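One structure below.
This one's a predicted model, so the numbers in the text were calculated from it and none came from an experiment. Order of the sequence lines fixes the chain letters, A, B, ..., with proteins taken first and strands second; residue numbering starts at 1 for each chain.
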2 protein chains.
Amino acid sequence: MEITFRNISDDDYPYVISNLNSWWDGRAMVNMLPRLFFKYFKETGFVAIADGKVLGFIIGFFSQDDHRDAYVHFVGVDPGYRNYKIGKRLYDFFVERVQGAGVEKIFCVTSPFNKNSIAFHKRIGFEIMPGSNKTVDGVDFFSDYDGNGEDRVLFVKYLV
Amino acid sequence: MEITFRNISDDDYPYVISNLNSWWDGRAMVNMLPRLFFKYFKETGFVAIADGKVLGFIIGFFSQDDHRDAYVHFVGVDPGYRNYKIGKRLYDFFVERVQGAGVEKIFCVTSPFNKNSIAFHKRIGFEIMPGSNKTVDGVDFFSDYDGNGEDRVLFVKYLV
């Protein structure tokens with residue numbers, strides 16, 4: 001299977017958003033990914049394509065306030081295509097893009113219950129940020145970080 | 001009552017996010033406003049403060065891809081303080097900031113059912129964008145714009 005990668009476009013949004021919840025095991029993710037991320041941050045968003053179908057995507061951006069920082073808001077891969085390292089390769093495109101612009105640190109957050117995401121981010125060089133106020137099953141996280149009940153593990157990857 | 005305005009800070013997030021749903025008549029808004037907007041877009045976000053309390057806020061950003069465009073993701077005012085033109089004044093700060101950086105167009109979206117928001121945006125100089133695929137009660141909107149069932153009215157305000 002030949003997988004190609006390119007920057008996201010507006011036209012990718014309908015397919016991605018209608019598959020989003022199922023890619024996340026049925027969790028309600030749609031409200032976290034409004035179309036704005038596909039309209040105003042195309043430069044740092046990428047999709048993986050095979051047979052004309054989106055197999056995965058990464059949505060990130062430069063910090064607007066500090067150009068040494070960047071943030072990844074979403075990375076997702078079609079569960080039917082989990083053995084092609086698509087998530088890692090999407091991150092590689094993102095890292096190359098932001099590193100070329102002088103970014104020194106990439107941040108992201110994930111749910112403490114998303115063990116796959118935590119393992120994945122550690123594998124590709126992210127560290128869990130200290131200062132958390134809770135630990136469950138050995139995972140440090142910040143309770144209510146994104147609102148009431150929305151606990152998050154905070155990750156950072158140093159590029160320099 | 002003396003109202004002061006300043007840029008948003010990380011510390012504003014917990015108060016805003018715990019009041020968000022009630023400011024929106026009980027709608028589930030929290031997932032649409034993750035903390036990232038208070039961490040990486042401080043330069044174009046503002047809060048209104050009186051008696052040490054946040055009375056309103058605006059969250060927006062420059063398009064990362066086209067610096068002639070900016071976008072407002074959220075503007076909210078405590079329902080107990082609706083007669084002080086706080087929303088308009090928050091927008092004034094945003095417009096001044098982005099216009100000073102060369103922005104020519106500001107975009108935002110709102111729910112077709114949010115009549116207050118539609119009236120407010122028209123009052124402060126936004127126009128409803130053409131090209132919509134649905135009209136209800138004379139309001140043009142795009143169905144499923146932000147995902148299945150997430151219809152949106154699209155607004156633009158021209159600064160030049």
Q. Do A:Phe5 and A:Tyr81 belong to the same hydrophobic cluster, where Ile, Leu, Val, Met, Phe, Trp and Tyr are linked whenever their side-chain heavy atoms lie under 4.5 Å apart, directly or via other members?
A. yes
Q: Look up atom NZ in B:Lys39 and atom OH in A:Tyr71, then write down how far apart they are to the nearest 0.5 Å.
A: 9.0 Å
**Q.** Interatomic distance, B:Phe62 atom CZ to A:Phe62 atom CZ [nearest 0.5 angstrom]
**A.** 15.5 Å
Q) In terms of heavy-atom pairs under 4.5 Å with chain A, which of B:Asp146, B:Asp66, B:Asp65 leads? A) B:Asp65
Q. With a 4.5 Å limit on heavy-atom distance, are the side chains of B:Pro34 and A:His73 in contact?
A. yes
Q: Please answer: with hydrophobic residues joined when any side-chain heavy atoms are less than 4.5 Å apart, are B:Met29 and B:Phe113 in the same cluster?
A: no
Q. Same cluster for B:Phe120 and B:Phe74 if Ile/Leu/Val/Met/Phe/Trp/Tyr side chains link at under 4.5 Å?
A. no
Q: Go through the atoms of B:Phe38 and report whether side chain, backbone, both or neither lie under 4.5 Å from a heavy atom of chain A.
A: neither
(Q) For B:Lys115, I'd like to know if atom NZ has over 12 heavy atoms of other residues, nucleotides or ligands within 6.0 Å. (A) yes
Q.
Heavy-atom cut-off 4.5 Å, strictly under: side chain, backbone, both or neither for A:Phe61 against chain B?
A. both
Q. Just wondering, more than 12 heavy atoms not from A:Asn83 lying within 6.0 Å of its CG?
A. no
Q.
Test of understanding: clusters of I, L, V, M, F, W, Y form through side-chain heavy atoms closer than 4.5 Å, transitively. Do B:Phe46 and B:Ile124 belong to the same one?
A. yes
Q: Output the option from B:Val109, B:Leu36, B:Ile17, B:Asn148 having the highest count of non-hydrogen pairs under 4.5 Å with chain A.
A: B:Leu36
Q.
Would a single hydrophobic cluster contain both A:Ile8 and A:Ile3, if residues Ile, Leu, Val, Met, Phe, Trp and Tyr are joined by side-chain heavy-atom contacts under 4.5 Å?
A. no
Q: Mind listing the closest non-hydrogen atom pair of A:Gly147 and B:Tyr13 along with its distance?
A: N-OH, 3.9 Å
Q. Is it the backbone or the side chain of B:Phe142 that comes under 4.5 Å from a heavy atom of chain A, or both, or neither?
A. neither
Q. Between OG1 of A:Thr44 and CD of B:Gln64, what distance do you get to the nearest 0.5 Å?
A. 4.0 Å
